[in-house]
Amino acid sequence: MKVKEALRAFGTDYRDAELLLLHSLGKDERSWLIAHDHDELPTDVVEVFSSMSTERLKGVPLAYLLGHREFWSLKLKVTCDVLIPRPETELLVEWAVELASHYDLDSMLDLGTGSGAIALAVQHDLPNLSVTASDISELALSVARENAEGLGLPVEFVESSWFGALAQRRWGLIASNPPYVSVDDAHLLEGDLRFEPNTALTDGGDGLSSIREIVSNAPDHLEAGGWLLIEHGYDQATDVRSILELNGFSQVSLRHDLGGRPRVTGGCWQC
Ligand code: GLN
C-alpha cells in the first residue's frame, strides 16, 4: 500500500492518520509524508498503522497512541496512567511562574502531578526554584520521573495522597490540578475522558471534595505570604473562592482560560 492510499484507508480523521502513520514509521516530519506520498509502505508498518487506526476509531486518545503530548512547549511522555495535559492548565503554569518571580519565592509543590506537567513546566522556566511534585499513583510518578529525566529537570518526586506523606514541610507556592469533575457529570462518558484514569478526573463525589481537602490542609504547608493555586471546573469558581476564604486565605482571585471560562482560583496565606 502506498503512503497516500494508507492515509485514507482506515477511516480515521486525516490529521490523526498523518500523525499515526508518521509514528508507525518512526518519523516526525509531516513533510516526509508529502515528499514520499507514492512510496510503497512495508507490510509491518501498514499492520501497526492499521491497528492504531482501529484503536483511534474506538476513541482511544491520540496522545495515548502516540505516547506523548506537548505542554508548555515541552514534549511529555503520557500513558493511560496519567491525565493528558491540557492547554487550560498552561494558565495555572503561567500564574505560578508570575507569582514565583514577582515574590521571589524559592519553592513550589505540584500536588497530584500526573505526568509532571505543571512541575516540569514551572521548573523549565525557573531553574532556581526548588520544585517538588507529588502523586498518589506510583505508576503516574514513574511517567513523571521519566519526563524529568528526559528533560534534565531536577524536580523532586514524592508518593503521597495529597499532603499525607508531606508532614512538616512548607513551600512558597502550592499548585494543583486535582480531580474536580463531579461523579455524575456526563462528560466522563465522552471523548478522551473515557480512557483517562478516573481518579485523576473525579473525586467520586460533588467534584469539590479534593479541593476542600487540599485547601483546608494547605495552611500547614505554606510559608507566610505563600500562594495556593487551584485549577477547577468552569462552574466551580464561586465555591472555590468561598472554600479559600473560609480557610483564611486572602487576596483570592480568579483567572479565565483562553475560552473565557473561569479556570484557576488562587489565594495568599498570611499576606
Ligand atoms: N480539565 C479536565 C476536563 O474536564 C478535568 C481535569 C481534572 O479533573 N483535573 O476535561
Side-chain angles (χ1 to χ4, degrees), residues 71-72 76 81-86 88-97 99-100 105-123 126 129-145 147-148 153 155-181 196-205 207-223 226-233 236 239-240 243-244 247-249 252 255 263-269:
F71 179 80
W72 199 254
L76 298 180
D81 296 313
V82 300
L83 194 76
I84 300 165
R86 292 166 165 62
E88 56 264 31
T89 304
E90 293 181 338
L91 177 69
L92 177 54
V93 171
E94 198 174 274
W95 198 357
V97 169
L99 286 169
L105 303 173
D106 57 9
S107 61
M108 181 188 92
L109 168 66
D110 171 12
L111 263 190
T113 194
S115 64
I118 296 169
L120 295 166
V122 174
Q123 181 77 87
L126 302 174
L129 190 72
S130 161
V131 179
T132 307
S134 70
D135 206 284
I136 192 174
S137 156
E138 205 180 320
L139 293 169
L141 280 174
S142 74
V143 173
R145 276 200 187 94
N147 279 323
L153 294 169
V155 171
E156 173 201 12
F157 293 98
V158 184
E159 190 177 324
S160 179
S161 168
W162 302 132
F163 293 107
L166 300 168
Q168 316 295 336
R169 293 188 60 181
R170 290 184 188 268
W171 289 266
L173 176 61
I174 298 175
S176 185
N177 174 16
Y180 55 71
V181 180
E196 292 181 289
N198 214 250
T199 49
L201 290 165
T202 176
D203 56 1
L208 288 165
S209 63
S210 298
I211 294 179
R212 282 189 205 97
E213 179 167 350
I214 292 168
V215 176
S216 63
N217 289 297
D220 291 337
H221 300 278
L222 277 169
E223 289 158 4
W227 280 78
L228 173 61
L229 301 182
I230 308 246
E231 178 175 324
H232 52 72
Q236 293 172 325
D239 288 321
V240 176
I243 294 169
L244 280 160
N247 282 280
F249 284 82
V252 175
R255 291 203 179 178
R263 181 59 66 185
V264 184
T265 296
C268 186
W269 178 244

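Computation of the quantities below employed the complete heavy-atom set of this structure, encompassing side-chain atoms and omitting hydrogens, waters and symmetry-equivalent molecules.
- Side chains of Leu129 and Val97 form no contact here, defined as non-hydrogen atoms less than 4.5 Å apart.
- Checked options Leu173, Leu222, Leu166; the residue passing with Leu109 is Leu166 (criterion: side-chain contact (heavy atoms from CB on, under 4.5 Å)).
- Contact annotation: the side chain of Leu201 never approaches that of Pro179 to less than 4.5 Å [non-hydrogen atoms, C-beta and beyond].
- No donor-acceptor distance shorter than 3.5 angstrom exists from the side chain of Ser161 to the backbone of Gly164, with no hydrogens or angles considered.
- Atom CG of residue Leu105 and atom OG of residue Ser130 lie 11.5 Å apart, to the nearest 0.5 angstrom.
- Using a distance-only test at 3.5 Å, with no hydrogens or angles considered, a donor-acceptor pair links the side chain of Thr202 to the main chain of Val181.
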### Task
With side-chain contact (heavy atoms from CB on, under 4.5 Å) as the test, would you mind laying out the steps for Leu141 and Val158 before giving the verdict?
CA-CA 8 Å; Leu141 280 174; Val158 184; over 6 Å; no
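- Between Phe163 and His221, the ring centre distance stays below 6.0 Å.
- Inter-residue side-chain proximity for Trp95 and Val264 is flagged as met; some heavy-atom pair is nearer than 4.5 Å.
- Taken from CD1 in Ile118 to OG in Ser176, the straight-line distance is 6.5 Å, to the nearest 0.5 Å.
- Listed by first and then second residue, the side chain to side chain donor-acceptor pair (under 3.5 Å) pairs that reach into residues 109-118 are Asp110-Thr113, sequence neighbours excluded.
- Remark: the backbone N or O of Arg212 is paired with a side-chain donor or acceptor of Ser216 at under 3.5 angstrom.
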### Task
Step by step, work out the side-chain contact (heavy atoms from CB on, under 4.5 Å) result for Trp162 and Leu111.
CA-CA 6 Å; Trp162 302 132; Leu111 263 190; 4.2 Å; yes
### Task
Apply the test side-chain contact (heavy atoms from CB on, under 4.5 Å) to residues Ile243 and Asn247: give CA-CA distance (whole Å), side-chain angles for both, the deciding distance (0.1 Å), then the verdict.
CA-CA 6 Å; Ile243 294 169; Asn247 282 280; 3.8 Å; yes
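- For the atom pair CZ of Arg170 and CG of Asp220, the computed distance is 6.0 Å after rounding to the nearest 0.5 Å.
- With a 4.5 Å cut-off on side-chain heavy atoms, Ser107 and Glu223 count as touching.
- Here the side chain of Asn147 pairs no donor or acceptor atom with the backbone of Ala117 at under 3.5 angstrom.
- No side-chain heavy atom of Ile174 sits less than 4.5 Å from a side-chain heavy atom of Trp227.
- A salt bridge is defined here as a Lys NZ or Arg NE, NH1 or NH2 lying under 4.0 Å from an Asp or Glu carboxylate O, and Arg86 with Glu231 fails to meet this definition.
- Within the 3.5 Å criterion, the main-chain N or O of Ala140 finds no donor-acceptor partner in the side chain of Arg145.
- Counting heavy atoms from C-beta on, the side chains of Trp171 and Thr132 come closer than 4.5 Å.
- Counting only heavy atoms from C-beta outward, the side chains of Glu196 and Ile84 approach each other to under 4.5 Å.
- Side-chain contact between Pro85 and Trp72 is absent, with no heavy atoms from C-beta onward closer than 4.5 Å.
- Listed for the Asp135 side chain is a donor-acceptor partner under 3.5 Å among the backbone atoms of Gly114.
- In this structure, the side chain of Glu88 does not engage the main chain of Leu91 through any donor-acceptor pair within 3.5 Å.
- For the pair Asp203 (side chain) and Tyr180 (backbone), a donor-acceptor distance under 3.5 Å is absent.
- Separating the CD1 atom in Ile214 from the CG atom in Leu208 is a distance of 11.0 Å, to the nearest 0.5 Å.
- Ionic pairing of Glu156 and Arg169 is present here: one or more N-O contacts between side-chain nitrogen and carboxylate oxygen are shorter than 4.0 angstrom.
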